[in-house]
Amino acid sequence: MHDQPFGQRILSWTGGPANPDRFVALGGFRLPAEPDPAALRHTLDAILARHPVLGAGPVPLRTVDDVWAAAAAGHYSPDAKCLLWAYLAGRELLLVAHHNVSDPWSMRLLLREVLKPGTGPAPSYHASTSTPAPKRVNRSVPFWREMLADVPALVPGQGSGDDGGTAEIRTPSGITQQQAAEVARSVRSTPFVVLLTAFAQALGPLSPGEAVVPVLTHGRQRSDWDTVGLYMNALPVRLRTPTVGAVHRAFAEAYAHEIPFPVLLDAVPQADALFADGGPGLAQFEVIQVPEGAGIEPLTIPPGLGLGGPLLPVNGMTFWLEPGAGGAYTTCVRYRRSHREADMQALVGRFIDSWEEIRADAQRA
């Protein structure tokens, strides 16, 4: 039996998603040419054999008119024999895998194997992935106890009331992965930190002073980079000054003390109440991370699809950037209905404005 990756341990702590039949990871792209369905089915079955965490074949492959409509109409049981589904419409291929055993990084690996079949056996999960060295945990605990003391919550929303539900908006950002990389080089940081800084600035009216922002990392060690599974890890970052330099230092310090989130919950008692369902309103942030050099042109996920879901409870909001065609990011916000849609749209607008200011400053430097 494989050791449990970070993400599956997070799910065991949260109790799992509210609707497990819709809790999936998606990966879609346009093939270079329209494939023969029989040959594609053979390729998918071979990929499944290399990644047994996805279950046993054959992979259900449907030829449809619209991959997104077909996927949205489906239900994906975590108890299914095969936890990978495929939809084909002409040159468009959409893979759907249950989130219990996959993440965005995994989906890009699978799509890469479709383009280049026969890439060899997949590595197994490693014990070190789910069981960090005790010395590392003990060294990190004092940092997390201090960092997670007196965590400020978001300013309460002015919506019609909190019925326990969430809503979601998706907006093209006009930001590309290439632009983020160029700005990061100019300011001697990373694309993730630059985008996190823009988010920290946009968050200001909702979290005056400072904020603890849980960010999602790919959760993989180098030995896991070619392994399919749910490895994503949650890393709280305390942001006090929303400048690139300050955010870079805050993220680097938190990352240096990263331990699996469930281990953090065990080691720092106050963390459990902070991040459990019904805890204080926090703003989560994620930039969907995928392996480099995949050579894949992704399809953009349309709004209102109704699939997927956050790993952590949405007590305030979760804000993420999803790469699509041409490397362009879609800005996605899932938020408690206690917040007004207009306020969330304003947050997105402030994020894009902050990004443009950071980019302009980098170009002037």
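Nothing here was measured: the structure is a model prediction, and the numbers come from that model. Below, each value reflects all heavy atoms present in this structure, side chains not excepted, and no hydrogens, waters or symmetry copies.
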Practice prompt. Return yes if a side-chain donor-acceptor contact under 3.5 Å exists between Asp224 and Thr227, otherwise no.
Written response: no

Discussion item. Show the nearest heavy-atom pair for residues Phe285 and Val213, with the distance to one decimal.
Written reply: CB-CG1, 3.8 Å

Worksheet entry | Heavy atoms of other groups near Glu146 CD, more than 12 under 6.0 Å | no

Worksheet item: Would you say Trp320's side chain and Val333's backbone share a donor-acceptor pair under 3.5 angstrom?
Response: no

Worksheet entry | For the student: nearest non-hydrogen atoms of Leu48 and Gly57, plus distance | CD2-N, 3.0 Å

Worksheet item: Under 4.0 Å between a Lys/Arg side-chain N and an Asp/Glu carboxylate O for Arg50 and Asp226?
Response: no

Worksheet entry | Derivation and outcome, side-chain contact (heavy atoms from CB on, under 4.5 Å), residues Met232 and Glu286 | CA-CA 11 Å; Met232 297 168 66; Glu286 180 185 4; 3.2 Å; yes

Discussion item. If you count heavy atoms of other groups shown closer than 6.0 angstrom to CZ of Phe143, is the number above 12?
Written reply: yes

Worksheet item: Sub-3.5 Å donor-acceptor pair from the side chain of Thr241 to the main-chain atoms of Thr243, do we have one?
Response: no

Worksheet item: Looking only at heavy atoms, which two atoms of Tyr329 and Pro323 are closest? And how far apart?
Response: CD2-N, 3.8 Å

Worksheet entry | Backbone N/O of Cys332 and side chain of Arg170: donor-acceptor pair under 3.5 Å | no

Practice prompt. Would you give the length of the straight line joining atom CE of Met317 to atom OG of Ser338, rounded to the nearest 0.5 angstrom?
Written response: 9.0 Å

Worksheet item: CG of Asn138: more than 12 outside heavy atoms within 6.0 angstrom?
Response: yes

Fill in: NZ/NE/NH1/NH2 to OD/OE distance under 4.0 Å, Arg334 and Glu168
yes

Worksheet item: Just by distance, do the side chain of Asn315 and the backbone of Gly278 share a donor-acceptor pair under 3.5 Å?
Response: yes

Worksheet, complete the sentence: Heavy-atom nearest pair, Ala273 first then Pro280, reads O-CD, 3.8 Å

Fill in: Identified side-chain contact (heavy atoms from CB on, under 4.5 Å) partner of Val53 from the options Leu84, Asn100, Val101, Leu230
Val101

Fill in: Distance, nearest 0.5 Å, that separates CG of Leu312 from CG of Leu216
6.0 Å

Fill in: Parallel, tilted or perpendicular: ring planes of Trp105 versus His218, cut at 30 and 60 degrees
tilted

Practice prompt. Check the hydrophobic clustering (I, L, V, M, F, W, Y; side-chain heavy atoms under 4.5 Å; chains of links allowed) and say if Val212 and Val155 are grouped together.
Written response: no

Discussion item. Using modelled atom types and a 3.5 Å cut-off, is there a donor and acceptor pairing between side-chain atoms of Arg337 and backbone atoms of Thr166?
Written reply: yes

Discussion item. Assess the residue pair Arg238 and Val151 against the criterion (side-chain contact (heavy atoms from CB on, under 4.5 Å)); give the C-alpha distance rounded to whole Å, side-chain angles, the decisive distance to 0.1 Å, and a yes or no.
Written reply: CA-CA 9 Å; Arg238 192 155 196 148; Val151 171; 4.3 Å; yes

Worksheet item: Tyr76 vs Trp85 aromatic rings, parallel, tilted or perpendicular, using cut-offs 30° and 60°?
Response: perpendicular

Discussion item. If hydrophobic clusters are built from ILVMFWY residues whose side chains come within less than 4.5 Å, do Tyr87 and Leu31 share one?
Written reply: yes

Worksheet item: For Arg91 and Glu34, what are the C-alpha separation, side-chain angles and deciding distance, and is it a salt bridge (Lys or Arg N to Asp or Glu O under 4.0 Å)?
Response: CA-CA 5 Å; Arg91 291 170 53 198; Glu34 188 168 337; over 6 Å; no

Practice prompt. For Gln178, look at atom CD and say whether over 12 heavy atoms of other residues, nucleotides or ligands are found less than 6.0 Å away.
Written response: no

Practice prompt. For the pair Thr318 (side chain) and Val314 (backbone), establish whether a donor and an acceptor sit closer than 3.5 Å, ignoring hydrogens and angles.
Written response: no

Worksheet item: Within the side chain of His257, is there an N or O that forms a donor-acceptor pair under 3.5 Å with the backbone of Glu253?
Response: yes

Worksheet item: Minimum heavy-atom separation for Trp225 to Leu109, with atom names?
Response: O-CD1, 3.5 Å

Worksheet entry | From CA spacing to verdict: ring pair (Phe, Tyr, Trp, His ring centres under 6.0 Å), Phe251, Phe192 | CA-CA 10 Å; Phe251 176 73; Phe192 177 83; 5.1 Å; yes

Worksheet item: Less than 4.0 Å between a side-chain N and a carboxylate O, is that true for Asp353 and Arg350?
Response: no

Worksheet item: Taking the side chain from Arg22 and the backbone from Gly74, do they hold a donor-acceptor pair closer than 3.5 Å?
Response: yes

Practice prompt. Answer with yes or no whether the side chains of Arg220 and Ser106 bring together a donor and an acceptor at under 3.5 Å.
Written response: yes

Discussion item. Using 0.5 Å steps for rounding, measure from the CG atom of Leu44 to the CG atom of Leu95.
Written reply: 6.5 Å

Discussion item. So for atom CG, which belongs to Asp150, do other residues, nucleotides or ligands contribute more than 12 heavy atoms lying within a distance under 6.0 Å?
Written reply: no

Worksheet entry | Backbone N/O of Arg185 and side chain of Ser189: donor-acceptor pair under 3.5 Å | no

Worksheet item: What is the ring orientation for Phe275 with Phe261, classed by angle as parallel under 30°, tilted 30 to 60°, or perpendicular over 60°?
Response: perpendicular

Discussion item. Given 3.5 Å as the limit, does a donor-acceptor pair link the side chain of Arg136 with the main chain of Glu258, or not?
Written reply: yes

Discussion item. For Pro191 versus Ala181, what's the shortest heavy-atom pair and its separation?
Written reply: CG-CA, 3.8 Å

Discussion item. Within this structure, what is the CG-CG distance for the pair Asp266 and Leu264, rounded to the nearest 0.5 Å?
Written reply: 9.0 Å

